[in-house]
Amino acid sequence: MRPEASSTGGEAMPPPGEFRIRPLLVEEAPAAAALIRAAFAVQPVRPDPPPSALRETADGVRKQLASGGGMAVEVAGTLVGVLLWTPNEDGLWLARLAVAPEWRRRGIARALLAAAEAEARRRGLEHLRLGTRLVLEGNRRLFASCGFRETTLHTHPGYAEPTWVTMEKRLDAEG
Ligand SMILES: CC(C)(COP(=O)(O)OP(=O)(O)OC[C@H]1O[C@@H](n2cnc3c(N)ncnc32)[C@H](O)[C@@H]1OP(=O)(O)O)[C@@H](O)C(=O)NCCC(=O)NCCS
């Protein structure tokens with residue numbers, strides 16, 4: 001994978017080909033949980049209610065890996081991106097997409113989403129789905145630009161207005 005140029009200069013930017021994307025290993029659950037907590041703590045707006053990902057644990061990651069799987073991106077041996085998934089209704093439910101703050105806007109999330117799509121196609125599945133907070137407009141743009149469309153609005157218990165939306169990418173169409 002060729003990382004994209006960063007508008008921030010990015011002195012830590014690796015040369016093309018330095019990102020390694022591969023399945024997340026169960027022994028990496030503690031590091032993955034720490035990355036998820038750190039990533040969800042740095043968002044452009046603070047979602048209300050706070051994301052459960054802020055409380056992710058190694059056990060939680062292990063459980064998700066046992067019921068599904070996930071991918072990791074590493075740079076020079078350090079985990080900088082993760083994505084978990086579980087099979088759900090002829091598709092994959094994607095969760096915990098997380099990129100370390102200092103490695104953002106270089107295409108890592110897009111690469112993780114592409115890997116999930118490849119896995120779903122390999123399994124002959126029909127769709128990818130995920131949920132994202134309505135206030136995270138950058139996230140919604142990212143998913144839309146990757147072929148997801150918004151399907152259902154949801155409201156957290158105790159809230160008067162919708163707080164999150166399901167997004168879906170159909171894999172039965174061309175592409
Ligand atoms: C969302 C997240 C995974 C994106 O990771 P990333 O590696 O930076 O994403 P990519 O570089 O692949 O894609 C970036 C694209 O996403 C969109 N985007 C994401 N965050 C954005 C922001 N804060 N402002 C504007 N655009 C944003 C843009 O379309 C951007 O494209 P561009 O760089 O060409 O403008 C990362 O910001 C993160 O970990 N956030 C905290 C956790 C989280 O919100 N996870 C998703 C839960 S649904």
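Each ligand, and each atom within it, is numbered from 1 in the order the structure gives.
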Less than 4.5 Å apart, side chain to side chain, heavy atoms only: is that true for R62 and V26? yes

Looking at side-chain heavy atoms only, is the closest gap between P49 and R133 below 4.5 Å? yes

Counting only heavy atoms closer than 4.0 Å, does ligand 1 sit against the backbone of Q43, its side chain, both, or neither? side chain

Checking heavy atoms under 4.0 Å, the part of P44 that sits near ligand 1 is side chain

Check ion pair [X]-[Y] (N to O, under 4.0 angstrom):
| X | Y | value |
| --- | --- | --- |
| R104 | E102 | no |
| E56 | R37 | no |
| E28 | R22 | yes |

Look only at interatomic distance and state if [X] has a nitrogen or oxygen under 3.5 Å from any nitrogen or oxygen of ligand 1.
| X | answer |
| --- | --- |
| R104 | yes |
| N139 | yes |
| L97 | yes |
| A39 | no |
| L136 | no |
| V42 | no |

Review item, side-chain donor-acceptor pairs of residues 149-157, under 3.5 Å, at least two apart:
{"residue": "E150", "atom": "OE1", "partner": "R140", "partner atom": "NH2", "Å": "3.2"}
{"residue": "E150", "atom": "OE2", "partner": "R140", "partner atom": "NE", "Å": "2.9"}
{"residue": "T151", "atom": "OG1", "partner": "T166", "partner atom": "O", "Å": "3.1"}
{"residue": "H154", "atom": "NE2", "partner": "T152", "partner atom": "O", "Å": "3.4"}
{"residue": "H154", "atom": "NE2", "partner": "T166", "partner atom": "OG1", "Å": "2.5"}
{"residue": "H156", "atom": "ND1", "partner": "T163", "partner atom": "OG1", "Å": "2.5"}

If the cut-off is 4.0 Å to any non-hydrogen atom of [X], which atoms of ligand 1 fall inside it?
| X | result |
| --- | --- |
| A98 | 39 (O) |
| G131 | 48 (S) |
| T132 | 48 (S) |

Note: heavy atom closest to atom 31 (O) of ligand 1, options R141, R110, M167, belongs to R110

Minimum distance, heavy atoms only, to atom 14 (C) of ligand 1: which one of R105, R106, E137 is it? R105

Looking only at heavy atoms of G107, does any of them come nearer than 4.0 Å to an atom of ligand 1? yes

Is it true that, when you exclude E161 itself, more than 12 heavy atoms of the residues, nucleotides or ligands shown sit nearer than 6.0 Å to its CD? no

Distance in Å, Y159 OH paired with D48 CG, rounded so as to fall on 0.5 Å steps: 3.5 Å

What about W164 and L128, same hydrophobic cluster or not, with Ile/Leu/Val/Met/Phe/Trp/Tyr joined at side-chain heavy-atom distances under 4.5 Å? no

